[in-house]
Every structure is written in C-alpha cells, then in structure tokens.
Amino acid sequence: MAVLSRLLLATNCQKLSHINGLLQKLLPKNNSCTFQNQNGTRRWMSEHHVMEITATRWQWKQTKNWLHFYFFVGAIPATLIVLYANIMIGPATLEPIPEGYNPQAWEYYKHPITRFLAKYIVPDLEVEYEKYIHKLRTATIKRKLRYLEQEVKYNIYKNSDYQYWSYKTAPTKDIIDIRKRIDAADPTV
C-alpha cells in the first residue's frame with residue numbers, strides 16, 4: 001500500500017492512473033482512500049484515524065466458552081439418561097402387594113429416575129427420624145449421668161466426705177462384665 005501511495009503522489013498522478021487502466025483495475029470502485037479524477041482531490045490515508053480503546057471481551061468469551069462446555073458436558077448425558085429411562089424402562093404400574101412383603105419407601109414412586117434418586121441419593125425419612133431419636137436418647141442419657149454426678153459431688157461436699165471413701169470409679173469394661181454375671185445368675189434382675 002505504501003508503494004502504491006508513493007506512485008500516486010508523483011507529479012503526474014493523472015498520467016499514472018490512465019496507463020492501460022491498470023491502476024483503476026487494482027483499486028476498488030468505492031474506496032474512500034482512492035483519488036478522484038474529476039476534481040483532482042486525493043485521499044490516501046491522510047485523515048486522522050483514532051483507534052477506540054475499549055475494554056477487552058476476552059474474559060467474557062472465555063466464560064461463555066466454559067459455560068457452554070460444562071452445560072453440554074452435563075446436559076448431553078442427562079438428556080440421554082432421561083430418554084433411556086422414559087423409552088426403555090417407562091413409568092411404574094400399580095400391582096397388588098404379595099403376602100408377607102413389605103415394600104420399601106422408594107418403590108412407591110412412579111418415574112424410574114425419581115425411584116433411583118429416592119433409593120440412592122435422598123435419605124429415607126423413617127431412617128432419618130430413627131437417627132434423630134437415637135441422638136436425642138443419647139443426649140438425654142448423658143444429661144442424666146451428668147446430673148447424677150453433680151448430685152454425688154454435692155452430697156460429698158455436704159457430708160464433708162471424701163470421694164475415695166464414698167465410691168470407687170471403675171472402667172466400663174468391669175461394669176459390663178459384672179452386669180453379665182448378674183444376668184447369668186438371675187435373668188429376672
């Protein structure tokens with residue numbers, strides 16, 4: 001482009017532009033940078049062009065790329081699983097329960113994906129309730145034992161007694177063994 005502009009800035013620019021029409025064939029018709037033969041004006045990159053400084057869009061494009069990637073990494077397998085479950089397995093049908101069979105809680109759901117989620121991912125409400133009750137029972141027993149220990153310490157203090165003469169602490173293993181011997185001797189106790 002620089003070589004071409006130097007040629008056109010020569011003194012006989014008109015003469016160069018008309019030689020065999022070669023220059024007119026090389027330049028586009030509606031180019032704002034081309035010279036105009038009618039009024040003799042020439043425009044060859046002489047205007048002051050300002051490059052606009054804008055914020056980069058690289059981070060936004062990367063975010064979109066990762067979003068699309070992970071969406072399709074999850075969406076395509078999930079769509080295939082849902083299609084397989086709906087086409088091959090299908091919804092459950094209601095049938096009478098055989099004698100002596102206790103159905104599980106997850107067996108009551110109609111859709112196979114819901115059954116899968118209820119069986120393997122979502123915890124069963126009855127099991128969660130039993131866990132909660134067990135925690136409450138354990139906390140209650142600990143609270144009663146702490147209260148009993150405080151009462152013993154208070155009675156020791158009130159009677160001006162010593163712990164050594166009041167009771168002897170024993171490991172739980174010995175207590176369990178004693179309880180087993182008592183139960184073996186007299187199971188009604």
For this session: Over all heavy atoms of both residues, which pair between Pro103 and Tyr108 is shortest? Give the atoms and the distance, please.
Result: CG-OH, 3.1 Å
Exercise. Rounded to the nearest 0.5 Å, how far apart are CH2 of Trp106 and OH of Tyr120?
Worked result: 7.0 Å
For this session: Treating Ile, Leu, Val, Met, Phe, Trp and Tyr as nodes and any side-chain heavy-atom pair under 4.5 angstrom as an edge, say whether Val152 and Leu145 lie in one connected cluster.
Result: no
Seminar exercise, completed: Correct closest heavy-atom pair for Tyr109 and Ala118 would be CE1-CB, 3.4 Å
Exercise. Transitively linked via ILVMFWY side-chain contacts under 4.5 Å: Val82 with Ile121?
Worked result: yes
For this session: Please report the shortest heavy-atom distance between Pro112 and Pro91, naming the atom on each side.
Result: CD-CA, 4.4 Å
For this session: Look at the aromatic rings of Trp66 and Phe69 and report parallel, tilted or perpendicular, splitting at 30° and 60°.
Result: perpendicular
Exercise. Which pair of non-hydrogen atoms, one from Lys110 and one from Arg115, has the smallest distance, and what is that distance?
Worked result: O-NH1, 2.8 Å
Problem set entry | Distance in Å, Asp124 CG paired with Lys131 NZ, rounded so as to fall on 0.5 Å steps | 10.0 Å
Exercise. To the nearest 0.5 Å, what is the distance between NZ (Lys173) and CD1 (Ile178)?
Worked result: 11.0 Å
For this session: Establish whether Leu80 and Phe71 are linked, either directly or via other cluster members, by ILVMFWY side-chain heavy-atom contacts under 4.5 Å.
Result: yes
Problem set entry | NZ on Lys142 to CZ on Arg146, rounded to 0.5 Å | 7.0 Å
For this session: Please say which of Lys180, Arg179, Arg181 ends up in a salt bridge (charged side-chain N to carboxylate O under 4.0 Å, His left out) with Asp183.
Result: Arg179
Exercise. Is it the case that one hydrophobic cluster holds both Tyr129 and Leu136, taking links as side-chain heavy atoms less than 4.5 Å apart, direct or via other members?
Worked result: yes
For this session: Would you indicate whether Leu67, at its atom CG, is surrounded by more than 12 heavy atoms from other residues, nucleotides or ligands within a distance under 6.0 Å?
Result: yes
Exercise. Is the count of non-hydrogen atoms from other residues, nucleotides or ligands lying under 6.0 Å from Glu126 atom CD greater than 12?
Worked result: no
Exercise. Below 4.5 Å, heavy atoms only, C-beta onward: do Asn155 and Lys158 meet side chain to side chain?
Worked result: yes
Exercise. Tyr101 and Glu107: which non-hydrogen atoms are nearest, and at how many Å?
Worked result: OH-OE2, 2.7 Å
Exercise. Looking at side-chain heavy atoms only, is the closest gap between His111 and Asn86 below 4.5 Å?
Worked result: yes
Problem set entry | Donor-acceptor pair, side chain of His68 and main chain of Lys64, under 3.5 angstrom | yes
For this session: Could you tell me the separation between the CD1 atom of Ile81 and the CD1 atom of Ile113, rounded to the nearest 0.5 Å?
Result: 7.5 Å
